[in-house]
Visitor: 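Would you mind keeping the following structure in view while I ask a few things?
For the numbers below, each heavy atom of this structure counts, side chains included, while hydrogens, waters and symmetry mates do not. Numbering of ligands and ligand atoms starts at 1, following listing order.
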Amino acid sequence: MTPEITVVGSANLDLVVEVEYVPQVGETVLGGDLARIPGGKGANQAVAAARLGRQVAMVGRLGADSAGNILRAALEVHDIDTTSLLTTRDTPNGVAMIAVAADGDNSIVVSPGANGRVTAADIETAGALVRDARVVLLQLEIPVAAVEAAARAASGRVILNPAPAAELPSSLLEHVDILVPNQTELAILSGHDGPVDASVATELARRLPMEAVVVTLGAEGAMVVTPDDAVHVPAPKVTPVDTTGAGDSFCAALADGLVRSLSLVDAAAWAVQVGAVTTLRPGAQPSLPTPTEVMQLLS
Ligand code: RIB
């Protein structure tokens, strides 16, 4: 069956420790018990979209160690098509080491492992899963060449969440319909040193043949920027427990809204709510809400 949303991206095993505060360079802090949780920006976005009711496929690579079974099962339990989630021999799985501070903020180091072995040929092998999906969701935890191949192959809308931040070739950006950076990522993409605002996003949206740039602003919500307009979408007030995965659920909810034919501003308003609710529970994938949970937790 053709998926509504295909995610081309990473799957990581998240090794999560709660700490009072994120340590400075050269500092050691004691934290809580280690939690091993399925994560990775790609897999989180796939699970988030499936939790919201969409038919989802995941394209990428797992490694050969035992974490691979955990990561695949975490997708399949949500009926996500994993036929193009390949296994790479003699390569470890992606791992993310995450410190979560008492205020819910985090610090993450990722070892890409098998995610770093995804190729443009893998995208070709995935065929219709990428070509025919209504929305293709991309991030930057796999090689840029594979991201670009997916953006080029897609006939549906292409959403790129440029995380972790990197400078990107225009040969990729010109195949992206909607870019979803946070402010740090926007600064890097636009080559700005100082604080970025709507005018920076507008300039980027005008420079590239892109439908829109949707800038995530954390507790302040998001900004939907087209070449002609900038609309601020405020976030509901919540007290975060763990912000891990909030950006991922935002991207998935944006894609969900577009599949349901919402306008981009309405889809962003929905995404801001889903992102906010994701911060109310610990861990990335365990915190991803259903539509009913979004309504209940924000009422
Ligand atoms: O966006 C959150 C994710 O970033 C985590 O699940 C971790 O795996 C890192 O990739």
Visitor: Between Asn182 and Thr216, is a side-chain hydrogen bond (donor to acceptor under 3.5 Å, both in side chains) present by the stated rule, with each step listed?
Guide: CA-CA 5 Å; Asn182 63 21; Thr216 57; 5.3 Å; no
Visitor: Between Asp122 and Arg61, is there a salt bridge with N-O shorter than 4.0 Å?
Guide: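 Yes, this pair counts.
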Visitor: Can you tell me the protein heavy atom closest to atom 7 (C) of ligand 1 and the distance?
Guide: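 So the nearest neighbour among protein heavy atoms is Asp14 OD1, 3.3 Å.
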Visitor: May I ask whether Gly40 places a heavy atom under 4.0 Å from ligand 1?
Guide: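 For ligand 1, residue contact (heavy atoms, under 4.0 Å) with Gly40 is present.
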Visitor: Check ligand 1 against Gly39 and write out every atom of the ligand that is under 4.0 Å from a heavy-atom position of the residue.
Guide: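 Numbered from 1, ligand 1 contributes 6 (O), 8 (O).
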Visitor: When you measure from atom 1 (O) of ligand 1 to every protein heavy atom, which one gives the shortest distance, and what is it?
Guide: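 Its nearest protein heavy-atom neighbour is Asp248 OD2, 2.7 Å.
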Visitor: Tell me, please, which residues at least two apart from Asp177 pass side chain to side chain contact (heavy atoms under 4.5 Å, CB included).
Guide: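 Result, side chain to side chain contact (heavy atoms under 4.5 Å, CB included) vs Asp177: Arg157, Val158, Glu211.
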Visitor: Would Arg281 and Glu293 count as a side chain to side chain contact (heavy atoms under 4.5 Å, CB included) here? Give the steps.
Guide: CA-CA 12 Å; Arg281 295 184 289 211; Glu293 287 170 339; 3.2 Å; yes
Visitor: How far is atom 4 (O) of ligand 1 from its nearest protein heavy atom, and which residue and atom is that?
Guide: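 Minimum-distance protein heavy atom for atom 4 (O) of ligand 1 reads Lys41 NZ, 3.2 Å.
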Visitor: For atom 3 (C) of ligand 1, what is the nearest protein heavy atom, given as residue, atom name and distance?
Guide: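 Sorting protein heavy atoms by distance from atom 3 (C) of ligand 1 puts Asn44 ND2, 3.6 Å first.
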Visitor: To which residues is Ile37 joined in a hydrophobic cluster, defined by side-chain heavy-atom contacts under 4.5 Å among Ile, Leu, Val, Met, Phe, Trp and Tyr, whether direct or through other members?
Guide: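 Val16, Ile98, Val100, Ile108, Val110, listed by chain and number.
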Visitor: So, Glu4 and Arg134, do they make that salt bridge, N to O below 4.0 Å?
Guide: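 So Glu4 does not pair with Arg134 through a salt bridge.
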Visitor: Hey, which atoms in ligand 1 end up nearer than 4.0 Å to a heavy atom of Ala96?
Guide: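 Here the atoms of ligand 1 in question are 7 (C), 8 (O).
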Visitor: Where is the nearest protein heavy atom to atom 10 (O) of ligand 1: which residue, which atom, and how far?
Guide: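 Nearest neighbour among protein heavy atoms for atom 10 (O) of ligand 1, to 0.1 Å: Glu141 OE2, 2.5 Å.
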